[in-house]
Amino acid sequence: MFRLWGKLMKNNRLIKDMVYCDESDLNRTRKIFKGIEQICLTYDLANPIWLESTIQEFKRHNKCRFGKDNFMETIEFDYLEIQVLEEDD
């Protein structure tokens, strides 16, 4: 099972979170994009833009933060953080 944790943070406090689970046969990249899409749909957000710094952070740590620079609209929180909790064997 693949699990992706999405957290909305403001002033270093967790304001909302959810875990996206996927048992499909999609590849890892598609599961990540599908998870982000579901998290953003749940919280009524536009999908964030992957900047080069975001991609590098995700490659290194299996987690990354999407701040105000990653969104086209104004956001009501400091950042959205995603983290891979579990991957398929």
Side-chain angles (χ1 to χ4, degrees):
M1 176 183 292
F2 177 84
R3 295 186 316 144
L4 184 71
W5 186 17
K7 303 183 280 188
L8 294 180
M9 303 291 287
K10 184 168 185 161
N11 298 324
N12 291 323
R13 296 184 191 270
L14 177 69
I15 51 176
K16 293 180 183 177
D17 74 325
M18 75 172 277
V19 175
Y20 169 77
C21 300
D22 191 329
E23 294 185 22
S24 70
D25 292 334
L26 296 174
N27 65 28
R28 181 178 190 264
T29 302
R30 290 180 190 249
K31 287 180 182 182
I32 291 166
F33 285 129
K34 190 174 172 188
I36 292 171
E37 185 178 320
Q38 188 61 47
I39 291 166
C40 289
L41 185 64
T42 300
Y43 297 132
D44 194 28
L45 301 171
N47 286 345
I49 299 167
W50 286 82
L51 302 175
E52 188 61 36
S53 58
T54 314
I55 294 168
Q56 295 306 318
E57 181 183 1
F58 191 76
K59 284 180 180 178
R60 266 181 291 191
H61 305 293
N62 254 356
K63 76 178 189 180
C64 64
R65 293 178 177 179
F66 297 101
K68 65 181 180 182
D69 294 340
N70 298 92
F71 291 93
M72 296 297 285
E73 69 216 14
T74 304
I75 56 174
E76 304 281 325
F77 52 90
D78 293 335
Y79 59 88
L80 163 65
E81 181 175 284
I82 62 162
Q83 179 178 1
V84 175
L85 296 177
E86 181 180 349
E87 295 196 51
D88 302 322
D89 293 333

Hydrophobic cluster identity match, I49 and F58, side-chain contacts under 4.5 Å: no
Distance in Å, L80 CG paired with D17 CG, rounded so as to fall on 0.5 Å steps: 11.0 Å
Gap between atom CD1 of I39 and atom CD1 of I36 - 0.5 Å precision: 7.0 Å
Side chain to side chain, R13 and M9, heavy atoms closer than 4.5 Å: no
Shared hydrophobic cluster for M18 and I75 (ILVMFWY, side-chain gaps under 4.5 Å): yes
Closest non-hydrogen atom pair, V84 against F2: CG1-CE1, 4.0 Å
Considering all heavy atoms, the nearest C40-P48 contact: SG-CD, 3.6 Å
Heavy atoms of other groups near N27 CG, more than 12 under 6.0 Å: yes
Counterpart residues, side chain to side chain contact (heavy atoms under 4.5 Å, CB included), relative to S53 (two or more places apart): L51
Contact list for residues 66-84, test side chain to side chain donor-acceptor pair (under 3.5 Å), sequence neighbours left out: K7-E81, T54-N70, R65-Y79, R65-E81
Qualifying side chain to side chain donor-acceptor pair (under 3.5 Å) pairs, either residue in residues 29-46, two or more places apart: K31-D88
Close side-chain approach of L8 and L45, heavy atoms under 4.5 Å: yes
Ring center gap for Y20 and W5 short of 6.0 angstrom: no
Stepwise side chain to side chain contact (heavy atoms under 4.5 Å, CB included) test for F33 and N47: CA-CA 9 Å; F33 285 129; N47 286 345; over 6 Å; no
Min side-chain heavy-atom separation L85-L4 under 4.5 Å: no
